[in-house]
Amino acid sequence: MEKVTMTGDLVAFWDVPLSDGIHRIEFEHGTTSGKRVVRVDGKELMRRDWMFKLVGDEVFMVGNARCVVKVEPVGGFSYSYSLEVNGKSYQRFSEIQSKAIKTWMVQVRGETFRVVLEKDTLDVWANGKKLEAMGEFVEDGTETHFTLGDMPAYIKAVTSGKRREGIIHSLIVNNSVIPEANER
């Protein structure tokens, strides 16, 4: 559980990595007014005023992800705030996502792209939009071709030759291998 002390009624926030981007979830809890507010990426998604019950869950969707903010008492007038995403704790969900998706940050003609590969579906996303991509088998693996702006790019998948490592995915733009982004 995350206990965060903030100014005003903002009591907790989390950065949730999804295929379409990293979403900032903020939670306000007014313990004197009974107010609860959920914001996603700065936009108010839910507001409840004058709630008499100060503990409990708030359920909402972020894209296809089901999120639950849990408010629990920790003694006196103190509360803990935790986030569940798709039935998993925020920390566990983030660990699973780091294995399920590969992310790269790349500059193409002055524009920054956040490229995400969903390893289970092989869908490719750039800056929150699912791209048209074409896969093909090549001598040593597969290549998934798409464009970033007007620049051709592809993700190459080859076996590592080691069972524990599995498949290695590399993003190639303009014949350059782009290093994987570390979003943790």
Side-chain angles (χ1 to χ4, degrees), residues 1-106 112-133 144 155 164 166-167 169 171 180-184:
M1 295 209 196
E2 300 91 293
K3 172 114 175 81
V4 183
T5 306
M6 301 263 155
T7 57
D9 289 338
L10 180 64
V11 293
F13 65 88
W14 303 268
D15 291 322
V16 180
L18 298 174
S19 297
D20 67 343
I22 298 173
H23 297 280
R24 165 67 54 111
I25 296 174
E26 297 175 339
F27 184 66
E28 288 185 24
H29 188 217
T31 55
T32 54
S33 67
K35 172 181 78 169
R36 291 185 189 186
V37 178
V38 173
R39 278 191 198 80
V40 177
D41 300 327
K43 295 183 186 109
E44 193 171 293
L45 193 64
M46 186 225 68
R47 173 182 288 270
R48 298 184 201 280
D49 291 311
W50 303 109
M51 292 184 63
F52 292 106
K53 188 175 175 193
L54 294 176
V55 296
D57 299 348
E58 292 299 338
V59 180
F60 55 97
M61 298 295 290
V62 177
N64 291 329
R66 181 180 185 273
C67 298
V68 180
V69 172
K70 294 183 167 289
V71 180
E72 297 174 335
V74 290
F77 287 101
S78 295
Y79 303 91
S80 70
Y81 306 92
S82 60
L83 177 68
E84 284 184 6
V85 182
N86 291 339
K88 310 241 182 319
S89 72
Y90 167 71
Q91 183 174 350
R92 182 73 184 123
F93 176 81
S94 295
E95 289 168 4
I96 291 167
Q97 279 296 89
S98 74
K99 293 178 177 115
I101 64 176
K102 289 282 187 187
T103 306
W104 299 269
M105 300 298 289
V106 60
T112 301
F113 289 92
R114 178 181 182 264
V115 178
V116 175
L117 170 68
E118 289 181 354
K119 293 197 288 187
D120 58 345
T121 63
L122 298 180
D123 288 337
V124 179
W125 297 72
N127 295 349
K129 291 184 175 63
K130 190 170 154 186
L131 300 179
E132 288 289 324
T144 304
I155 295 173
R164 279 194 152 312
I167 296 173
H169 296 90
L171 173 64
E180 189 176 342
N182 184 3
E183 295 186 327
R184 299 195 105 205

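Computed from heavy atoms alone, side chains included, the values below leave out hydrogens, waters and symmetry copies. This structure is a prediction, so every number in the text was calculated from the model and none was measured.
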Contacts of D120 that satisfy salt bridge (charged side-chain N to carboxylate O under 4.0 Å, His left out) - sequence neighbours left out: none
With sequence neighbours excluded, residues passing salt bridge (charged side-chain N to carboxylate O under 4.0 Å, His left out) with E58: R36, R48
Contact summary for [X] and [Y], nearest pair of heavy atoms:
X: A12; Y: Y81; value: CB-CB, 3.9 Å
X: K35; Y: D49; value: CG-OD1, 3.5 Å
X: T144; Y: A133; value: CG2-CB, 3.7 Å
X: Q97; Y: P17; value: NE2-O, 3.0 Å
X: L54; Y: G30; value: CD2-O, 4.2 Å
X: S19; Y: I101; value: OG-CG2, 4.1 Å

Any V69 side-chain heavy atom under 4.5 Å of F60 side chain: yes
Close side-chain approach of E72 and V55, heavy atoms under 4.5 Å: no
[X] side chain to [Y] backbone, donor-acceptor under 3.5 Å:
X: E84; Y: S89; value: no
X: Y90; Y: D15; value: yes
X: K119; Y: K99; value: yes

Rounded distance [0.5 Å steps], OG1 in T103 versus CG in N182: 10.0 Å
Pairwise distance CD1(I96) to CD(Q91) - rounded to 0.5 angstrom: 11.0 Å
Check against side-chain contact (heavy atoms from CB on, under 4.5 Å), D57 and V71: CA-CA 6 Å; D57 299 348; V71 180; over 6 Å; no
Pair W104-L117, side-chain contact (heavy atoms from CB on, under 4.5 Å): steps then yes or no: CA-CA 9 Å; W104 299 269; L117 170 68; 4.0 Å; yes
CZ (R66) with more than 12 external heavy atoms under 6.0 Å: no
Ion pair check, R24 and D41, cut-off under 4.0 Å: no
Worked check of side-chain contact (heavy atoms from CB on, under 4.5 Å) between L18 and H23: CA-CA 7 Å; L18 298 174; H23 297 280; 3.6 Å; yes
Aromatic ring pairing H29/F27, orientation class (parallel under 30°, perpendicular over 60°, tilted between): parallel
What pairs of donor and acceptor atoms, side-chain ones from residues 122-131 against any protein atom, are under 3.5 angstrom apart with sequence neighbours left out?
from: D123; atom 1: OD2; to: T121; atom 2: OG1; distance (Å): 3.2
from: W125; atom 1: NE1; to: E118; atom 2: OE2; distance (Å): 3.3
from: N127; atom 1: OD1; to: R114; atom 2: N; distance (Å): 2.7
from: N127; atom 1: ND2; to: T112; atom 2: O; distance (Å): 3.1

Worked verdict on K88 versus E95 for side-chain contact (heavy atoms from CB on, under 4.5 Å): CA-CA 10 Å; K88 310 241 182 319; E95 289 168 4; over 6 Å; no
Option from L45, I25, N86, V16 for which side-chain contact (heavy atoms from CB on, under 4.5 Å) with C67 holds: I25
